[in-house]
Structure formats: C-alpha cells, structure tokens
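Scroll down for the structure; my scribbles are underneath it.
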Number of protein chains: 2
Amino acid sequence: MHVGEVAALAGVTVRTLHHYDRIGLLSPSGRTASGYRQYAPADLERLHRVLLYRELGFPLEEVATLLDDPDADPAEHLRRQHRLLLDRLERTRAMVAAVEKEMEARTMGIDLTPEEKFELFGDWLPEEYEAEAEQRWGDSEAWAQSQRRTRGYTKDDWLRIKAEGDDVERRFAEALRSGVPADSPQAMDLAEEHRRSIQRNFYDCPPAMHAGLGRMYVEDERFTAYYERVAPGLAQYVSTAVQANAARQAG
Amino acid sequence: MHVGEVAALAGVTVRTLHHYDRIGLLSPSGRTASGYRQYAPADLERLHRVLLYRELGFPLEEVATLLDDPDADPAEHLRRQHRLLLDRLERTRAMVAAVEKEMEARTMGIDLTPEEKFELFGDWLPEEYEAEAEQRWGDSEAWAQSQRRTRGYTKDDWLRIKAEGDDVERRFAEALRSGVPADSPQAMDLAEEHRRSIQRNFYDCPPAMHAGLGRMYVEDERFTAYYERVAPGLAQYVSTAVQANAARQAG
DNA sequence: GCTTGACCCTGACGCGACGTCAGGCTGTGC
DNA sequence: GCACAGCCTGACGTCGCGTCAGGGTCAAGC
C-alpha cells in the first residue's frame, strides 16, 4: 500500500505519515524503485497503535518508546490501551456529572463555589471518584447513556419548566404542612411527578439518579437552604419522599 | 485573586493565564496599582468555561467567539457542554468496545481486517454507532464501568487463561457430540462457566455482554470459523447456550 | 508516443498553545 | 533593610502537524 491509501484508511493526512516517517515513529517497511513509500500490514498495525496512543494524549516521542519497548507484546498494548480508555471514560463521566450538578444548581439559583466548579480539572484520581460516584448516583452507568435526549432545548422552554417545578414544590410544601407523611403513597406520587418533570425537561432521571439528587438535597447545604426557604423541614421531606419513591420503583 | 491563586485553583500554569490575557480570551477585570492581575469571580466563571471548551478540543479562537456570542447565556453553554461531553462519552465507549473486540479476537487467534481496526477513527457519527452498539452489547452501559479490574495482568496469566478457555471449549464440544441440547441446564452451566472464566480473566462480563459475545460468535464469520474448526456446529451451539444462560440469569 | 491529471517526493516556512528562560519590579517576614 | 517568594513583560523554543513550492511518476486516453 502507498501513502494515500493508508492515509485514507486510517483517517489521517499524507503529511502526518510523512511526519511520522521523518521522526522515525513509523517508517514504511519498503520503498519502490522510484522512492514511493510502501506500507506493509505490520506497518498498519503499528500505525493503529500509534493513533490510539496519540488519541489518549501521549506525545509522539513517548509513543515511540512505548512501541519500541522489547518487553511489550501486542497483548500488553491492548491491556494498557483498554485501561487508559476506561480511565478516560470515568473522567468524562465525572465531567458530565459535574455539568449536570451545575445545571441542577442553576435551575434553583444556587451558586457553586469556585473550588467545586473546577474540581473536575484537578489531578484526577479515578479510585477516589469511583466510590463517591457509586454512592452518589448508584448505578451511574445506566442513566448516563439515555441522557442524549436533553439536547436542543430553547430558552423559552426553561421558563415554562421553572414554573412547572415551582408547582410541584408548592404541593410538596402543602403536603408537609398538612401532615402527610414523607413516605406515604401521596408524597411518593409527588416525588414521582418531580422525577418525571426532571426527566421530561432537563435530563433523563431514572429512580437511582433521582435518589442521588434526593440525598444531595439534605447533604449539600445550599440545596437544603433552597428548600428550607420555601418551607422549614421541606428539604428533608422532599429527600425522604424521593428516596422512598425510588425504593418503590426498584422493588 | 491574583494569577498564582487562580492558576492553582484551576489547575493551569500562570503562563497559560498570561497567554489568555495576551490573546484577549480572558483578561482579568482589574489590575493593582503595581500592575498585578486581579481576577474577579466573573473571570473565574469565564475561565471555567474556557477550560471546558478547551478540553473538548475547541481552538482558543473559537472558544472566544463562543463565549462572546451575545445570544448565548450561561444555560446555553451548559447545554452545549453537556451535549458535547455525552458525544465524547459515546465515542470513548466505542473505542473501548473496539479494543475489547480486538482482545477477544486475539485470544482466539483471529485477525481483524485493517478497516475494522481503524473504523473507530473514522468520522464519528454517534447515531450510527448507537444503534449498532445497542444491538451488539445490549445494555452497553452496565458492563463498561466495572471493567476496571482487568488492569495489571502479567504475561504469564494469559497462558494459564488460554488453557482454561480451551478446557471449557473442549467440554462444550463434548456436550455437542453426545447430543446434549444447547439450551439444556447442562449446556447453560458450561456457558456460565465460560462467562465466569472471561469475567475472572479478561474483563467483567455480565450476562448481557456475554449474550452479545454469543451473537457475535454466529454473526462474525471469523469467530464462527474458530469454533467450527474445533467441531462442526459448535459456533451455533455455544451461541445458543450462552444466550440461553443469559436469559436464565436475567429471569 | 505524447499529453494530461492524479498522485508521489523532498524541503521549507507557518501556526497554535503554550514552556521556558532572562531581566527586572513588588510585597512580606524577620 | 534584606532575603525570598511572587509578579511583570519580552522573547525564543517546542510539538504536531498544515500548507505551499518545485519537481518526478504513472496509468489512461488520444
């Protein structure tokens, strides 16, 4: 195969292949009499690995040392790439969660601290996050996928939505005032309505994620303060109702 | 706040902030009498957005036009960033799936075509992949997370593992030869053993993913050929047993 | 056999997003 | 009052290519 074909196959430019040849990262294993580069199947394999490591953010020089390590067999590379990709998956998921927290905060008019906003850029320790996310969101995988529907909302929608949320809040406060238990079917129905409202308007919110939000309402003082300002005891009330509802859905 | 603090908070260097100031992407809203940069909270918010868009691969000039668009309010940015992050999540997931396919192929000594290996780098159309992945892996979310255990395998492990896999295969072939139905408890038990073997050795493999592998064994001719070479009809046999077992686990 | 047009070659310069000194001013603790 | 950390502004270096420039190659069609 010559450069053009390889470039088209791999989705890179010819110039890139020239560059990789020049710096010795990937030199084609042959040349024609007239000097044309000839790529063998093994060269393609190497290119494949190069592109994956590059995608993962390695500088080309480091890629070269990785690939030229005599102790690293193909399986070794696959395992490393697999691990790195899973790290990236986790990191992206954390960023999605952070943006969602901001969205949730914004709809309630709560300001996050600067530290909180930037925390997702800090030096990323997957193990640390893992446990936290697990606890916060439960099955954090299941909800992440289906959230693609939230795209393409217009500004007007958000006003309508805000009104809708206020309505549910008001009825929660009413239930609390008239002594309806937080784990009663009536309160759970309100919680379910709350969940469906989020689901329709903001992002897909399966019961497990909803339960996570519920916990946040009592654990994060700013969310607590938001509800407490509507009515005293409402944060705990909503939290309990939401979690009871989630348990009901799961059971 | 002055540069050093902001840099530490956001996890960037002072030089980066100088650069953003120079190119007009993020100029601090004030200076002290002696010329020190003074960053206000609003500057931090802008920086936060800058870093997220940068992380998502936008060139800085484009980031500037995005942020200076008078029609784009904060919610607009959150929605866009959310959408872009979900795209990235999907793309990373596809790459993970591709690497896993390679791993699976390698353990069976099957070569993937160059096109297949590079397909994940092609111009990425999320919708296209979505349907395919859904069909291939079922609940592709649920299994992705728990795979972090596969890290840190040594070379020796893989030899032991290969022997283990061969053993299960041999017993599958035996069951097929002696007329044990593929959806019988006995065959399903073998399938479960197969799944657990993968789970222990290669990557976490919940029933849904295992069922996906089972489908691949009959749909991808090279995997089919692998099993058929062990015994005629074995590909379909294993596939059926695996999927029956997955259904049993789910029920 | 000759042209045409697509593809290949090797320099060489340019660019984006900073890293990295150099040389000098500022602000705080002892 | 001085040491030392932290701030300033140039200015040059680096990495991973993009983008010409100037010239050779090759299969197709006339």
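Atoms considered below: every heavy atom in the structure, side chains included; atoms not considered: hydrogens, waters and symmetry mates.
- Taking atom CZ on B:R37 and atom C1' on D:dT9, their separation rounds to 9 Å, with Å as the unit.
- Taking atom OH of A:Y36 as the reference point, atom P of C:dA6 lies 14 Å away to the nearest angstrom.
- At C:dG27, one or more side-chain N or O atoms of B:S34 fall inside 4.0 Å of OP1 or OP2 (strictly under the cut-off).
- Looking at heavy-atom distances under 4.0 Å, B:T32 makes no contact with the nucleic acid at all.
- B:T16 has no side-chain polar atom (N or O) that falls below the 4.0 Å cut-off from OP1 or OP2 of C:dA17.
- Rounded to a whole Å, the NE2 atom of B:H2 is 9 Å from the P atom of D:dG6.
- In terms of heavy atoms, A:V3 sits closest to A:L17 at O-CD1, 3.7 Å.
- Remark: P of C:dA17 and CG of B:L51 are 13 Å apart, rounded to the nearest angstrom.
- In this structure, B:R91 pairs ionically with A:E55, as a charged nitrogen and a carboxylate oxygen lie closer than 4.0 Å.
- Residues A:D43 and A:R37 are not paired through a salt bridge, judged by the lack of any N-O separation under 4.0 Å between the basic side chain and the carboxylate.
- Comparing D:dG16, C:dT10, D:dC8 by their closest approach to the side chain of A:L60 singles out D:dG16.
- At whole-Å resolution of the value, CZ in B:R22 and P in C:dG16 are 14 Å apart.
- For the residue pair B:E45/B:H48, the side-chain donor-acceptor check at 3.5 Å is not satisfied.
- At whole-Å resolution of the value, CD1 in B:I23 and C1' in C:dC15 are 13 Å apart.
- Atom CG of A:L17 is separated from atom P of D:dC17 by 10 Å (rounded to the nearest Å).
- DNA chain C is contacted by both B:Y20 and A:H18; A:H18 maps to the nucleotide lying nearer its 5′ end (nearest heavy atom per residue).
- Taking atom CZ on B:R15 and atom P on D:dA11, their separation rounds to 13 Å, with Å as the unit.
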